[in-house]
Protein chains: 2
Amino acid sequence: MSKLFESSCLHCKKRSEIFEALSEEELERVDMCRVSMHYNAGEIIFKQGSPCYDFVCVTSGLVKLYIEGENDRRLIIGFAKPVDYIFVPGAYVDKRHHFSAVACEETTACLVEADIIQNMVRTNQNFANSFIRKISMQAIGLFEQIASLTHKQIPGRMADTLIYLSGKVYSSNPFSTNLTRQDLADLSGMTKESAIRVLKTFKEDDLIRIDGNLIEIINLQMLETISRNG
Amino acid sequence: MSKLFESSCLHCKKRSEIFEALSEEELERVDMCRVSMHYNAGEIIFKQGSPCYDFVCVTSGLVKLYIEGENDRRLIIGFAKPVDYIFVPGAYVDKRHHFSAVACEETTACLVEADIIQNMVRTNQNFANSFIRKISMQAIGLFEQIASLTHKQIPGRMADTLIYLSGKVYSSNPFSTNLTRQDLADLSGMTKESAIRVLKTFKEDDLIRIDGNLIEIINLQMLETISRNG
DNA sequence: CCTATGTGATGATATAAGTCAATCAAATGT
DNA sequence: ACATTTGATTGACTTATATCATCACATAGG
């Protein structure tokens, strides 16, 4: 909505890694053309295939990023949380989004014109470097996910998903989430029913505890073993 | 081996997209510190997990890039052919290789110190831009592969592999390849036996023809339909 | 020349995981 | 307060795909 209830980029600066490379003057330039948006849970921020005009920087809430395949199948390839900006590879190739972004919960985000960012990548070496490092990390994450999805079976994949959520996304244990079983399935490359069944066996084996929105990993070591054995 | 039997980067320039952004002076700097290497089929160029010192630019032959998972399982994530340089995401993160590179056939490649390249990314805007575009394209390719591998079943995945090889890697039809059935399987996320079986059904249905090292797509349209239906 | 060794091919079998269908609980709208 | 929707759960069944075992063939090495 209005940018009034967001402080300016200059003060927001301390929280967002990548923007540290920018000078005050550059930050002001970003601030000038940014639009602060509010999304309710479930609302689409951008959709795969649509033209991409903006870079999105999540300032609160949580956003899931997923690929839509044929037959209504989806695969969640990651999350963006405060203060991640979402790297959109299409911005440098075909100006199209190659995955969709949807708010998992109440989310606010700043949209900045892609041109402005790309321009700063051109003119500011340090920014460009952070940018490339960020893309690199995303690529490495994808490698890990692709290896897990193709080489492991259901228990191993779900173990990876739980470890990822607790370790990388929510950074806490137990963690409170409003991801659905379908989301967990889309993260692990399986059907919702299979997800429910593995989670049940994990509960029965006292590896995890689930109470409503709260998921707790009780036996991380065993989960890691399951992950390793595929 | 010796750099004598390779012409200098200055003359090689016309063939390699990304280096077009470099000035003569910069190209000379690259030329100075580059090492030209020769690899026989099957030889490892670099291995997942090892420290990465160099960027690799393939000047002849073909290189397969693959992730090694647990239990000896591998997944081929792409190929590098003349004149691709291999983007190594670890160079900007942890200085480790996150996938392995192996020569599929007689291959020559130039190795350039990662520092030199990274330095030029810093100082040359156009080079940085080409660099980011290249990474972006790799990421988009990974998205497509990950969607294919997780959402499609064996015939769809093998169809994708054949279309990819003919269209993107060999750019010809028929194409001559010395990839083994195991390689085709590693590209498609299945076992060697499954790969052999689908290929057999494809042959029986007159979609493809295989004669020794030669693979020909006879009915591309039908293969694309199979790909779409998963 | 014979023996390893790697690759391709095939059949029998086991099993992992998807599909389909029904039920239940909680949330939401009227 | 009731109807409707949405998500979670479970069971029965089917099927896709891996595994295992075997065999043929070519090539390389001693």
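Predicted, not measured: the structure shown is a model, and the values here were computed from it. Every chain is numbered from 1, with letters handed out A, B, ... down the list of sequences.
- Applying the 4.0 Å criterion to OP1 and OP2 of dG18(C), one finds that Thr191(A) has a side-chain N or O inside that range.
- The neighbour count for Lys203(A) NZ, taken as heavy atoms of other residues, nucleotides or ligands under 6.0 Å away, is above 12.
- Residue Ser194(A) places at least one side-chain N or O closer than 4.0 Å to OP1 or OP2 of dG18(C).
- Aromatic ring centres of Tyr66(A) and Phe99(A): separated by at least 6.0 Å.
- Where DNA chain D meets chain B (any atom under 4.0 Å from a heavy atom), the bounding nucleotides read 5' to 3' are dA16(D) to dC20(D).
- Ring geometry for Phe131(A) versus Tyr85(A): interplanar angle under 30°, hence parallel rather than tilted (30 to 60°).
- Distance Ile210(B) CD1 to dT7(C) C1': 14 Å, rounded to the nearest Å.
- Looking at heavy-atom distances under 4.0 Å, Arg73(B) makes no contact with the nucleic acid at all.
- We find that CG of Asn213(A) is positioned 13 Å from C1' of dA27(C), with the value rounded to whole Å.
- Note: CG (Asp183(B)) to P (dT7(C)) measures 9 Å, nearest angstrom.
- Using a cutoff of 4.0 Å between basic side-chain nitrogens and carboxylate oxygens, Arg34(A) and Glu113(A) are not scored as salt-bridged.
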Residues Leu187(B), Leu165(B); criterion side-chain contact (heavy atoms from CB on, under 4.5 Å); working and verdict: CA-CA 10 Å; Leu187(B) 263 165; Leu165(B) 287 175; 4.1 Å; yes

Report, one pair per line, the protein and nucleotides 8-10 of chain C atoms (nitrogen or oxygen only) whose separation is under 3.5 Å.
from   : atom 1 : to        : atom 2 : distance (Å)
dG8(C) : OP1    : Arg181(B) : N      : 3.4
dG8(C) : OP2    : Arg181(B) : N      : 2.9
dA9(C) : OP2    : Arg181(B) : NH1    : 2.9

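- Proximity of a side-chain donor or acceptor of Ser188(A) to a complementary backbone N or O of Leu184(A) within less than 3.5 Å is detected.
- Ion pairing between a basic and an acidic side chain is recognised when a charged N comes within 4.0 Å of a carboxylate O; Glu68(A) and Lys47(A) show such pairing.
- Within a 6.0 Å sphere centred on CG of Asp72(A), other residues, nucleotides and ligands contribute 12 heavy atoms or fewer.
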